[in-house]
Amino acid sequence: MSKVLIIGAGGVGTVVAHKVAKNEIFTDIMLASRTKSKCDQIAAAVGGNRIQTAQVDADRVEELVALMRSFQPDIVINVALPYQDLTIMDACLECGVNYLDTANYEPKDEAHFEYSWQWAYQDRFKEKGLTAILGCGFDPGVSAIFTAYAAKHHFDEIQYLDIVDCNAGNHGKAFATNFNPEINIREITQNGRYYENGQWIKTGPLEIHNSLTYPNIGKRDSYLLYHEELESLVKNFPTIKRARFWMTFGQEYLTHLRVIQDIGMARIDEVEYNGMKIVPLQFLKAVLPDPKSLGANYHGQTSIGCRIRGIKDGKERTYYIYNNCDHEQAYKETGTQAVSYTTGVPAALGAAMFARGLWKGAGVYNVEQFDPDPFLAELGEQGLPWVEKFDIDLEV
Ligand code: NDP
């Protein structure tokens, strides 16, 4: 029996609302966001009067505190933007509420993401006996839970980890991002980074690429990016010698991205326009397709997983664990595409793990620090079945 407050009514918030509403552990559900009408639309689509809605500016701790004091949730699922992570965590501390998110904090004026800001809340959450669950989407999220599962059941020592993220879907638009365009473009236009022998190696943006084969999809150009779960995984699994993250991009997408950067539209600093200040990337977001709107004509699948090499019983072993998710099926169920779906399902399931006492502990945790078994036991029936392959050529 648990009361949950969902913050953020975008693509991911839509999926979280659908999934939470189907789970009887959640007796009271509130969906709050900057624009209340979007919450109302989602609540109506879910139906059954399961979801109350509210307006909140999650940049303002005092507004969050007022909302939490009146609704009194047990847990907040934060699926607004990474900029709001710290204000929401502050409000949770003030009101005695547990916390879960899907992306680590990022300052608005600096495209820089790392866990240090949120890990710094460790003592405060511990002292209050509260739990903060960080990064419970797909990647970060299931990618780290897959790694924890591999470490628990299949390896004595994980040595090489490659997280591979392929979106082989086609939405028919010339250019669109699959989640918030501002966050997405900030992520992929910065330098790449991977971990090797105790050090972080920096690369140029999308400098390193490889052709990788994805199940049911085939070969796709895959580019090395920095991704936030690498930071927590190498800390929590210190046997890892090398950890990398790969994401697929089509040539058409990369050409658009290059032009966007070359003409200055990816800038995140303010520029003067007609007597007012605008941030070019925020303006671009306003004219690009809303990721939520892509679902209707999206075909094809995503495939995200972990390719792992390491030692079991003194012998080298390779292992691949992944999920493929179909855009059309995700749309039929929730009205959103697979990228929102693969993020929202784990967020709702992580909150259920907490509500049922299967994931617990006072402090700030990355998802790989919890038991992966109960989560993965239910992930398939929640809509994201997973597959394991052993002793195969990992290509990486
Ligand atoms: P959207 O942009 O579609 O939705 C974000 C929502 O947050 C919108 O409803 C927006 O309101 C709301 N919001 C923004 N600022 C505020 C604020 N100050 N106060 C209240 N509400 C606010 O993003 P997505 O749904 O695509 O992504 C949501 C989160 O999921 C992001 O943090 C993203 O990084 C993360 N993500 C994680 C992934 C993973 O696998 N771990 C993968 C994909 C996304 P409004 O509608 O008014 O703009």
Side-chain angles (χ1 to χ4, degrees), residues 5-18 30-42 53-64 67 76-88 91 100-106 108 111 113 118 133-146 163 165 167 176-188 225 227-229 232 245 247 281-282 285-286 288-295 302 304-305 323 325 330 334-350 366-367 384:
L5 170 62
I6 306 163
I7 303 181
V12 180
T14 304
V15 177
V16 171
H18 275 85
M30 176 169 280
L31 173 61
S33 190
R34 187 166 50 190
T35 315
K36 185 172 177 291
S37 58
K38 293 190 187 176
C39 303
D40 294 336
Q41 270 172 21
I42 296 170
T53 62
Q55 197 276 331
V56 74
D57 180 351
D59 287 322
R60 299 169 65 92
V61 177
E62 65 276 19
E63 284 194 23
L64 289 162
L67 180 64
V76 168
I77 301 179
N78 167 18
V79 281
L81 297 180
Y83 313 136
Q84 282 88 44
D85 287 3
L86 302 187
T87 45
I88 298 175
L100 178 144
D101 69 26
T102 66
N104 70 9
Y105 173 69
E106 212 182 311
K108 272 189 189 148
F113 36 91
Q118 291 181 274
I133 301 170
L134 306 185
C136 197
F138 207 103
D139 47 346
V142 177
S143 57
I145 296 167
F146 280 166
I163 300 169
D165 178 332
N167 181 3
T177 61
N178 294 292
F179 63 97
N180 186 285
E182 191 183 333
I183 304 299
N184 190 207
I185 291 173
R186 282 164 67 118
E187 173 179 308
I188 60 185
L225 295 182
H227 224 242
E228 62 206 54
E229 65 266 51
S232 65
F245 183 95
M247 190 177 272
L281 184 55
Q282 285 173 3
K285 173 183 184 283
L288 284 176
D290 180 347
K292 248 172 105 173
S293 72
L294 301 176
T302 60
I304 316 176
N323 158 263
C325 181
T334 61
T336 64
Q337 31 84 359
V339 177
S340 303
Y341 190 85
T342 53
T343 310
V345 169
L349 182 56
N366 290 89
V367 287
L384 298 175

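Each ligand, and each atom within it, is numbered from 1 in the order the structure gives.
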Tell me if a side-chain donor or acceptor on [X] pairs with a main-chain N or O of [Y] at a distance below 3.5 Å.
X: Thr35; Y: Ser37; answer: no
X: Gln337; Y: Asn178; answer: yes
X: Arg186; Y: Lys108; answer: yes
X: Glu228; Y: Asn104; answer: yes
X: Glu63; Y: Asp57; answer: yes
X: Ser293; Y: Pro289; answer: no
X: Ser143; Y: Pro140; answer: no
X: Glu182; Y: Lys285; answer: no

### Given Asp101, Thr102, Asp85, the one that forms side-chain hydrogen bond (donor to acceptor under 3.5 Å, both in side chains) with Asn78
Asp85
### Message
Check this for me: does any side-chain nitrogen of one of Asp290 and Lys38 sit under 4.0 Å from a carboxylate oxygen of the other?
### Response
no
### Query
Would you call Ser340 a ligand 1 contact, heavy-atom distance under 4.0 Å?
no
Nearest to [atom], what protein heavy atom do you find, and at what distance?
atom: atom 46 (O) of ligand 1; result: Lys38 NZ, 2.7 Å
atom: atom 23 (O) of ligand 1; result: Asn180 CB, 3.7 Å
atom: atom 24 (P) of ligand 1; result: Val12 CG2, 3.8 Å
atom: atom 19 (N) of ligand 1; result: Ala58 N, 2.7 Å
atom: atom 43 (C) of ligand 1; result: Thr343 OG1, 3.4 Å
atom: atom 35 (C) of ligand 1; result: Thr102 OG1, 3.3 Å
atom: atom 5 (C) of ligand 1; result: Leu81 CD2, 3.8 Å
atom: atom 33 (C) of ligand 1; result: Phe179 CD1, 4.2 Å

In ligand 1, which numbered atoms sit nearer than 4.0 Å to a non-hydrogen atom of [X]?
X: Gly11; answer: 3 (O), 25 (O)
X: Thr35; answer: 45 (P), 46 (O), 47 (O)
X: Ile183; answer: 34 (O)
X: Asp139; answer: 39 (C), 40 (O), 41 (N)
X: Val56; answer: 19 (N), 20 (C)
X: Asp59; answer: 18 (N)

Taking the side chain as every heavy atom from C-beta outward, state whether [X] and [Y] have any atom pair closer than 4.5 Å.
X: Glu187; Y: Phe179; value: yes
X: Asn180; Y: Asn184; value: no
X: Thr302; Y: Thr342; value: yes

Looking only at heavy atoms, is any part of [X] under 4.0 Å from ligand 1, and if so is it the side chain, the backbone, or both, or is it neither?
X: Arg34; value: both
X: Ala103; value: side chain
X: Lys292; value: neither

Flag [X] as yes when one of its N or O atoms lies below 3.5 Å from any N or O atom of ligand 1, and as no otherwise.
X: Asp57; answer: yes
X: Phe138; answer: yes
X: Pro140; answer: yes
X: Val339; answer: no
X: Asp290; answer: no

### Query
Looking only at non-hydrogen atoms, which of Ala9, Ser143, Ser33 approaches atom 11 (O) of ligand 1 most closely?
Ser33
#### Entry: Option set Ala80, Gly10, Gly8, criterion heavy-atom distance to atom 29 (C) of ligand 1, minimum
Ala80
### Message
Angle between ring planes, Phe245 versus His227, binned at 30° and 60°: parallel, tilted or perpendicular?
### Response
parallel
### Thr87/Asp59 under side chain to side chain donor-acceptor pair (under 3.5 Å): CA gap, chis, key distance, verdict
CA-CA 6 Å; Thr87 45; Asp59 287 322; 5.0 Å; no
